[in-house]
Structures are given as C-alpha cells and as structure tokens.
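Beneath this line is the structure, given in structure tokens, with notes to follow.
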Amino acid sequence: MFSHTIIEPFRVRTVEPIRQTTRDERAAALRAADYNVFRLDASDVLIDLLTDSGTGAMSANQWAAMMQSDESYAGARSFHRFRDAVHGITHLAHVLPTHQGRAAERILFTTMVRPGDVVPNNTHFDTTRANIEDRGGIALDLPCSEGRDPQAEHPFKGNIDLEALDRALTEHAGRVPLVMLTVTNNSGGGQPVSMANIRGAHDICRRHGVPLFLDACRFAENAWFIKMREPGYAERSPRDIAEEMFSYVDGCTMSAKKDGLANIGGFLALNDDEVAARCRNNLILTEGFPTYGGLAGYDLEAIAVGLHEVLEEDYLRYRIRSVEYLAEKLQAADVPMVRPAGGHALYLDARQLLPHIAPLEYPAWTLSCAIYLEGGIRASEIGTVMFGLQPDGTETPARMDLVRLAFPRRVYTQSHVDYVAEVLAFVRQRASALRGCRIVEQPAALRHFTARLAPLADGLYAS
Ligand SMILES: *Cc1c(COP(=O)(O)O)cnc(C)c1O
C-alpha cells in the first residue's frame, strides 16, 4: 500500500466561525483578564487548546440519539442505553451517572476516604487531588521513574511505580481505602499506562486487600497506545483492550467530557454492593435520582453513542496522529516538550524553554500568556501555579512546569495545527526576552482557575 496522510475520518457539516484579533487587541484582552487565560472571553481566542474537556464535536448519530431521548425522572429508556454502554465496556456491576467527572470523585471519596487516609495514584489530576484533600485525605503520587523525566523516551511513561505502591500499601496499611490509576496520565503528560502495569497494580492491590479504581477519562486513547506499543495487542480491537483494562479494577470514575465524546457528563461505576448503595444515597442527595444523576436524558444518549464511537479505530488513529503531527513540527522547530507526545495533548517544557525564569516566577504560566499574545492560542499551565500552593499555605515549585496544548476531539483540522506550530516557533525565537509573572490575588484552592497575575516587567517581555 502507498504511504498516505492520515486524514480526519469525517467531513464537516456544521461550521462555527472563529475570529481573528490583532496583537494589540490580544494585549488588551490579556491585561483585562489579569494575565490568566482562564479569565479570557472565548470569543477573543482563535484556537482554543485550553482543554479537551467537553469541547469536542458531536456526530450526527449523537445528535440523532439525543432527539430520541426519554426525559422520564425515573427508569428512563435513556438511562438503560447509557448503563448498557458503560457496562458493555467496563463490566462493572453498578453504574451511577454524574454531571461530570469530579462529581463521581466527590461521591466516591466522600463515601470511602476518612481524614488521614492515603490514596495512591500514578499522578492525581487536580480535581482528584482537591477532592481527596477536601476529605482530609492524602493524595500520594507514585509515577514511574521515566515519568518524572520530561525528555525520557519510554512507551508507557504514565505507569505507576509498582514497587513504591507495594511499599506505600505496607507502610500505610489500614489507611488506604483505595488505589487509583489515571489512564492516560493527564497531569503526567497525557502518557499511557501499560496493560502489564494495570495488571501489576491489580495483583499488588489484591494482595493487600485494597480495591483498585481507574480514573478512566481517556480509557480509549490509553487502549490505542496499548494496541500500538505493547507486545501482544497489535491485533486486538480497542474495545477488546479497553474491556481487559477494566477487568483488572473494582471500579472507575469517568468524565464523559473526554472519551465520552460528549459536552457534559460522567459516571462512577463499581462492583461493591455496599459501597455502591452508599454512593447512590449520596448521589440522590446532591446530583439527582440514580437513573439521571444530574444529566438530561439526551446527555445520557449522547454519551452512550460517544462511548461507542470513541473506540473506532479510524477515529483513534486520527486522534493520536494529530497530536504526534504537531510534536514532529515542534521538534523540527526545536521547541522543548515532554517526549513522547501524549494522547490528548502536547506538553511544552517551559523550564527548558525559559531557564532564566525561576519556577516561582511561573515560567509555564508566562509561556501560556505569550502564546495567546502572539497567536491567539489558549493553552493551560500545568505547573507551579496549578500545583505549587500547599494545603498549609506555603509555596513550592511543581515537579515540572508544563504548558498543555490540549486537542478538542474532532474539532480542528491539519491547517489549524500547522498554524499552531508556526506561532510556537515564533514564540521560541523570542523566548529569552520573556520575563516571569507574580500572583496578585488568589483563592485558597485550585488557584489557577481564578487567580489574578501581573508580569514582573512592564509587559510579558523585558523592555
Ligand atoms: C477531566 C478530568 C477529571 C475531572 O473531570 P471533570 O469532568 O472535569 O469534572 C478527572 N480526572 C482526569 C484525569 C481528568 O482529565
């Protein structure tokens, strides 16, 4: 067969205009947003790579299913379709719909975590960590050693350190209510977790009598990486691989805004009858009746179809290739990033690009402002602003200072990606003139969403 471009496996039938702005307009917008891109108006953004969460395009089949929804309060047909779709992949006994992933986390941790408990994970996502800490628990990150080095090439940098997990379970015996594995490892660079590692975590948890849960937000992307990279899986379908991943766990939390291909929604699924009953009571108290859990019937329909489409090979091949394509262009332009490319996102290594900006002057945050200023591109800091503030109010540098370029699903085309690469190459040329930022005002938790910042120099660049 001739070698060919991996094309978008869809054609566009509905379009949404995006708006060009001038550099002066963007400088003013950035000032008005207090140098926090979360505070920008989306209409001032040209290419929005802030997150892949809830930003995807739905298919004609999803919209069609939504028209067929059943909005009954209890026992709706739409719930049965949703539950069957989740069950068909996870084979977990109890399926609780929630309005998004963090609601599933809150319900799970409120039910299972007591003050002083320890929850190990390959790397906690920010809402996962915040929900555990809100319960007085300790969120323990145990990434594998390759995962701590942004430049190390390794097929499964998202893996949990199995020896460290075993030690933690011994050391904190009786105080670990559950272990989590985040697939793919979002905060660790969107890196996949191997089937061998999931199985290994399962064996260790089984030995210590502790349940294992998946933070399954990107389970389909993780399945694709296993198919591409792990010996023995090349001929297996993504669905089959996903089913095997779930066969090793006792439950999962899920944001359907990621690999549910929906704009809202999530779920908690688990096997333990008694824990499920307590979670369901909590769900009724705060989210809604167990057959809708804070979602409309049409949301449940969109997710049921999305969970099917997300496992299609053409979709996953295109999805993973788009990110890799940008990585190749940035590599050619000598823009430092976490290697290899993640599944849903590319992570720029701001400490390497901006070695003259100290971690507590927020190099990744500064870079996220610069790429908005120069190209109207919005991306998210995964670094010291996001993770540096400790529960006791002190501040320490995060393990890495990254800028995440997250790809909405089925939204942007190859020319959009080409443009992003050009802007980043331009910013890379001007990097040494960038100066850092300081925080002017911040909330006590999850500060990156709402903090107000200011540049240390007159503007982002030294004058
Ligand atoms: C997005 C995300 C969550 C939280 O889901 P929401 O739907 O945003 O509440 C949890 N874990 C991971 C890994 C995520 O990417």
Side-chain angles (χ1 to χ4, degrees), residues 38 49-56 86 96-110 113 119-134 139 141-143 147 157-160 178-193 198 212-223 225 245 249 251-269 283 286-287 293-295 299-300 302-303 306-307 310 319 323 342-347 379-382 386-387 402 404-409 445-446 448-449:
F38 278 100
L49 306 182
L50 187 68
T51 174
D52 64 322
S53 178
T55 51
V86 174
L96 285 67
T98 59
H99 80 276
Q100 54 183 93
R102 69 196 67 186
E105 292 168 355
R106 187 189 53 74
I107 288 168
L108 179 66
F109 299 142
T110 313
V113 176
V119 180
N121 196 326
N122 44 354
T123 311
H124 288 87
F125 183 65
D126 58 356
T127 60
T128 319
R129 168 175 292 279
N131 270 298
I132 290 167
E133 289 174 353
D134 189 60
D141 286 345
L142 302 173
K157 288 174 79 172
N159 283 351
I160 194 166
L178 76 162
V179 171
M180 292 202 84
L181 265 183
T182 306
V183 296
T184 55
N185 189 340
N186 186 357
S187 307
Q191 302 291 329
V193 178
I198 300 174
L212 177 63
F213 276 65
L214 279 188
D215 178 339
C217 294
R218 296 178 185 79
F219 73 96
E221 291 169 9
N222 201 83
F225 280 118
M245 285 163 51
V249 300
C252 73
T253 56
M254 172 74 186
S255 170
K257 302 172 72 172
K258 322 296 178 33
D259 275 352
L261 291 180
N263 299 121
I264 195 70
F267 56 83
L268 169 64
L283 182 78
T286 56
E287 291 277 297
L295 294 171
D299 296 321
L300 297 170
I303 296 165
L307 288 172
V310 78
R319 169 80 178 152
V323 182
H344 67 297
L346 202 67
Y347 294 69
S380 151
E381 190 243 32
I382 310 269
M386 183 179 277
F387 293 121
L402 308 177
R404 185 185 70 180
L405 307 165
F407 282 55
R409 293 170 178 76
L446 297 178
H448 53 287
F449 287 127

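In each ligand, atom 1 is the first atom listed, and ligand 1 is the first ligand listed.
Contact check on Arg409 versus Glu221 returns a salt bridge, with a Lys/Arg side-chain nitrogen under 4.0 Å from an Asp/Glu carboxylate oxygen.
Considering backbone and side-chain N/O of Lys257, none are found under 3.5 Å from N/O of ligand 1. At under 3.5 Å, not a single nitrogen or oxygen of Thr182, backbone or side chain, sits near a nitrogen or oxygen of ligand 1. Residue contacts with ligand 1: Ser255 is placed with a nitrogen or oxygen under 3.5 Å of a nitrogen or oxygen of the ligand (distance criterion only). Annotation: Phe125 places no N or O atom under 3.5 Å from an N or O atom of ligand 1; distance criterion only. The distance criterion of under 3.5 Å between nitrogen or oxygen atoms is met by Arg102 with respect to ligand 1.
Looking from atom 10 (C) of ligand 1 to the surrounding protein, the closest heavy atom is Glu105 OE2, 3.0 Å. For atom 11 (N) of ligand 1, the nearest non-hydrogen atom of the protein is Asp215 OD2, 2.7 Å. If you check which protein heavy atom lies closest to atom 1 (C) of ligand 1, you get Lys258 NZ, 1.5 Å.
Asn186 and Arg404 are linked by a side-chain donor-acceptor pair at a separation below 3.5 angstrom, with hydrogens and angles left out of the test.
Between Gly265 and Leu295, the shortest heavy-atom contact is CA-CD2, 3.6 Å.
Atom numbering of ligand 1 starts at 1 in the shown order; those under 4.0 Å from a heavy atom of Thr127 are 3 (C), 4 (C), 10 (C). Heavy-atom proximity to Gln100, at under 4.0 Å, picks out these atoms of ligand 1: 6 (P), 7 (O), 8 (O), 9 (O).
Side-chain atoms of Arg319 and Phe407, non-hydrogen and from C-beta on, do get closer than 4.5 Å to each other.
A donor-acceptor contact shorter than 3.5 Å links the side chain of Thr98 to the backbone of Gln100. Checking side-chain atoms of His124 against main-chain N and O of Val119 turns up a donor-acceptor pair under 3.5 Å. Judged by distance alone, the side chain of Asn263 and the main-chain N or O of Gly54 form a donor-acceptor pair under 3.5 Å. Side-chain N or O atoms of Asp259 include one that pairs as donor or acceptor with a backbone N or O of Ala220 at under 3.5 Å.
Residue-ligand proximity: Cys217 is placed with a non-hydrogen atom under 4.0 Å from ligand 1.
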